[in-house]
Amino acid sequence: MQPRSRHRITVDIPVIVTTVLDSLEGTIVDLSEGGAQIAGCGLPVRSQCQIDYDGHVVFATVQWSEEDRMGIRFPYELADGPLFDRLEIARSARLAPTAFQPRTLGARPAGGFGRRFG
């Protein structure tokens, strides 16, 4: 097995996975330009499928599968469309600095932990 060339980003994207015989509901739980992990459904390894999201279709091949989740690879890396947009939003949110709110001097901390003020 080759190492991934792209880092997967944690997401929560409901999708429909469609094969020649069936349509299944699933949730993309991690995503990169090259592939994804889908929870809530599983297909046999090497199955061809399409991922339907927000009126757009992305084709994929199942790389590994368990009873209720699977890893898929896209034959062409995501470069545009709604899934790519969601990936960019999730990546930006992950890299954005968190807001730092300094404590004011003399303020008592909430709760019973930390240094006690007399």
Side-chain angles (χ1 to χ4, degrees):
M1 182 180 271
Q2 291 180 315
R4 290 190 184 117
S5 61
R6 300 279 189 162
H7 183 71
R8 298 259 176 111
I9 302 296
T10 301
V11 293
D12 184 19
I13 305 171
V15 294
I16 301 295
V17 180
T18 305
T19 66
V20 174
L21 301 174
D22 206 1
S23 288
L24 307 166
E25 292 183 9
T27 302
I28 296 178
V29 295
D30 64 43
L31 179 64
S32 74
E33 286 88 349
Q37 179 181 168
I38 300 178
C41 61
L43 295 171
V45 173
R46 291 186 291 281
S47 295
Q48 303 289 317
C49 61
Q50 67 183 37
I51 309 304
D52 298 303
Y53 175 69
D54 199 26
H56 288 79
V57 172
V58 177
F59 296 98
T61 303
V62 177
Q63 296 299 112
W64 60 266
S65 184
E66 295 179 358
E67 184 176 323
D68 63 344
R69 63 189 183 123
M70 63 184 170
I72 60 169
R73 182 173 54 102
F74 306 128
Y76 303 102
E77 288 198 353
L78 294 178
D80 59 10
L83 275 181
F84 181 75
D85 294 343
R86 288 289 301 266
L87 174 61
E88 289 295 299
I89 291 167
R91 187 174 282 143
S92 295
R94 183 171 181 241
L95 298 176
T98 57
F100 175 72
Q101 297 177 354
R103 235 174 49 185
T104 58
L105 292 176
R108 291 180 173 227
F113 295 100
R115 189 176 289 179
R116 293 183 183 218
F117 292 94

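By convention here, the first residue in the shown sequence is residue 1.
Counting only heavy atoms from C-beta outward, the side chains of Leu31 and Phe74 approach each other to under 4.5 Å. Leu87 places a side-chain heavy atom less than 4.5 Å from the side chain of Glu33. For the pair Ile51/Ile38, a side-chain contact is recorded, criterion being any heavy-atom separation below 4.5 Å from C-beta on. Side chains of Gln37 and Trp64 form a contact here, defined as non-hydrogen atoms less than 4.5 Å apart. When side chains are defined from C-beta on, Val29 does not count as touching Arg69, because their heavy atoms never get closer than 4.5 Å. Between Val17 and Ile72 the shortest side-chain heavy-atom distance does not fall below 4.5 Å.
Annotation: Asp80, atom CG; neighbour count of heavy atoms from other residues, nucleotides and ligands within 6.0 Å does not exceed 12. Counted within 6.0 Å of CD on Glu67, heavy atoms from surrounding residues, nucleotides or ligands total 12 or fewer; the atom is thus considered open. More than 12 heavy atoms of other residues, nucleotides or ligands shown are found within 6.0 angstrom of CD on Glu88.
No donor-acceptor pair under 3.5 Å is formed between the side chain of Arg86 and the backbone N or O of Gly81.
By the rule that hydrophobic residues join a cluster once side-chain heavy atoms approach within less than 4.5 Å of another member, Val62 and Leu24 end up as members of one cluster.
In terms of heavy-atom proximity, Pro82 sits nearest to His56 at CG-ND1, 3.2 Å.
Other residues sharing a hydrophobic cluster with Tyr76 under the 4.5 Å side-chain heavy-atom criterion for ILVMFWY residues do not exist; the residue is a singleton.
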Self-check item: Derivation of the side chain to side chain contact (heavy atoms under 4.5 Å, CB included) call for Leu83 and Ile28
Solution: CA-CA 10 Å; Leu83 275 181; Ile28 296 178; 3.8 Å; yes

N/O donor-acceptor pairs under 3.5 Å from side chains in residues 39-50, not counting sequence neighbours:
from  : atom 1 : to    : atom 2 : distance (Å)
Ser47 : OG     : Pro44 : O      : 2.6
Gln48 : OE1    : Thr61 : OG1    : 3.4
Gln48 : NE2    : Thr61 : OG1    : 3.3
Gln50 : NE2    : Asp52 : OD1    : 3.3

